[in-house]
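Written out below as structure tokens is the structure these notes cover.
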2 protein chains.
Amino acid sequence: MTLQAQPELTKNQSLVFSALNRADGPLTAYAILDELRAEGFRAPLQVYRALERLQAYGLVHRLESLNAFVACSHPQCAHQESAAFAICEKCGQVAEFSPGRATDALKAWATQTGFALTNTTIELRGMCRLCSGAPAPCA
Amino acid sequence: MTLQAQPELTKNQSLVFSALNRADGPLTAYAILDELRAEGFRAPLQVYRALERLQAYGLVHRLESLNAFVACSHPQCAHQESAAFAICEKCGQVAEFSPGRATDALKAWATQTGFALTNTTIELRGMCRLCSGAPAPCA
DNA sequence: CCGCCAGACGTTATCTTATTACGTTATAGG
DNA sequence: CCTATAACGTAATAAGATAACGTCTGGCGG
């Protein structure tokens with residue numbers, strides 16, 4: 001993970017970040033580009049460069065299984081712990097959560113195996129509660 | 001996951017599967033295509049169609065973070081449980097393992113949240129024991 | 001003040017990955 | 001035999017990502 005300190009965002013970085021925050025789901029790089037043509041964006045690289053920095057700052061996550069990006073849902077701060085995502089295949093909503101116990105189990109495997117872990121990707125596919133019509137949990 | 005029953009493999013499926021088995025690491029679809037030009041493959045779709053079936057049969061896994069594919073390392077059979085992968089960023093080797101406890105934790109989250117889970121992607125990045133020069137585990 | 005360096009930026013071209021569209025072939029069941 | 005279905009072949013194109021340039025700006029040592 002190794003987060004980088006976060007200086008002021010540049011103009012392009014701010015634009016990309018706010019596009020992701022406006023969206024109610026993940027956006028692909030090209031979707032972001034289209035969003036920002038009005039602001040003067042012309043080429044994919046402008047988006048990819050901004051995304052690269054935003055990811056390094058921990059403000060944005062990449063969804064590998066979608067080739068798309070979301071703003072981190074943790075309020076403001078960059079969180080150290082790895083994130084996990086539940087992707088609804090019906091409505092496209094993505095829920096981010098902190099997979100504490102799962103991460104612990106994976107870390108344990110890594111330690112045991114001698115694998116030097118730097119980054120963990122966890123993505124769940126399925127249907128969210130609303131789309132599957134399941135009752136609310138009693139918790 | 002929902003595995004499909006596995007009938008005889010077709011010629012193309014067999015060729016793709018054996019290319020993946022020959023390889024000592026993950027292959028991209030286009031790398032497979034190049035491998036198989038000698039056998040008459042001409043177009044990406046021949047590879048993608050075969051991969052789709054092989055994945056459905058549980059014989060092949062897709063590595064989302066690499067856009068690449070590996071043969072399942074479980075001896076013969078299609079295993080029901082989800083698989084996890086540890087990808088060495090130095091040597092490119094991929095280790096497949098069964099993340100039992102991690103999966104349990106994720107299932108528990110899903111149950112609690114009302115998320116109807118169909119598929120789980122777990123991919124670890126880092127350096128394998130050999131590349132990081134770590135000592136062998138004492139286990 | 002000047003010159004230089006590093007970081008962000010802009011632009012074009014290109015590469016890689018994946019899919020759409022459409023027609024053909026092989027085959028099992030009625 | 002006839003037809004439905006699954007696999008296949010081919011071409012074209014969409015979608016995602018990067019390489020290789022050059023420019024501009026702001027900070028800093030001389």
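The shown structure was predicted, so the numbers you read here are calculated from the model rather than taken from an experiment.
Taking the six-membered ring where the residue is Trp, the centroids of His61(B) and Phe69(B) are separated by 6.0 Å or more.
Going from atom CG of Leu27(A) over to atom P of dA15(D) covers 15 Å, rounded to whole Å. Distance CG (Asn12(B)) to P (dA6(D)): 17 Å, rounded to an integer number of Å. When rounded to the nearest whole Å, the span between CG of Leu33(B) and P of dC8(D) equals 15 Å.
Look at Asn67(B) and you won't find any side-chain N or O under 4.0 angstrom from OP1 or OP2 of dA17(D). Look at Gln46(B) and you'll find a side-chain N or O under 4.0 angstrom from OP1 or OP2 of dG9(D).
No more than 12 heavy-atom neighbours from other residues, nucleotides or ligands sit within 6.0 angstrom of CD on Glu52(B).
Ion pairing between Arg37(B) and Asp34(B) holds under the 4.0 Å rule for side-chain N and carboxylate O.
A nucleotide of DNA chain C counts as in contact with chain A when one of its atoms lies under 4.0 Å from a heavy atom; the first and last such, 5' to 3', are dA8(C) to dT12(C).
Under the rule for a ring-ring contact (aromatic ring centres under 6.0 Å, His included), the partners of Phe97(A) that lie at least two apart in sequence or sit in another chain are Trp109(B). Every residue was checked against the side chain to side chain donor-acceptor pair (under 3.5 Å) condition with Gln46(B), not counting sequence neighbours, and none meets it. The side chain to side chain donor-acceptor pair (under 3.5 Å) search around Asn21(A) returns none, not counting sequence neighbours. Looking at residues two or more places apart in sequence or on another chain, you find a side chain to side chain donor-acceptor pair (under 3.5 Å) between Asn67(B) and Arg62(B).
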Inset, instruction - Take nucleotides 18-25 of chain D nucleotide by nucleotide from the 5' end and write B, S or -, depending on whether a protein heavy atom sits under 4.0 Å from the base, only from the sugar-phosphate, or from neither. - result: BBB-----
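In this model, a donor atom of one side chain and an acceptor atom of the other lie less than 3.5 Å apart for Ser73(A) and Glu96(A).
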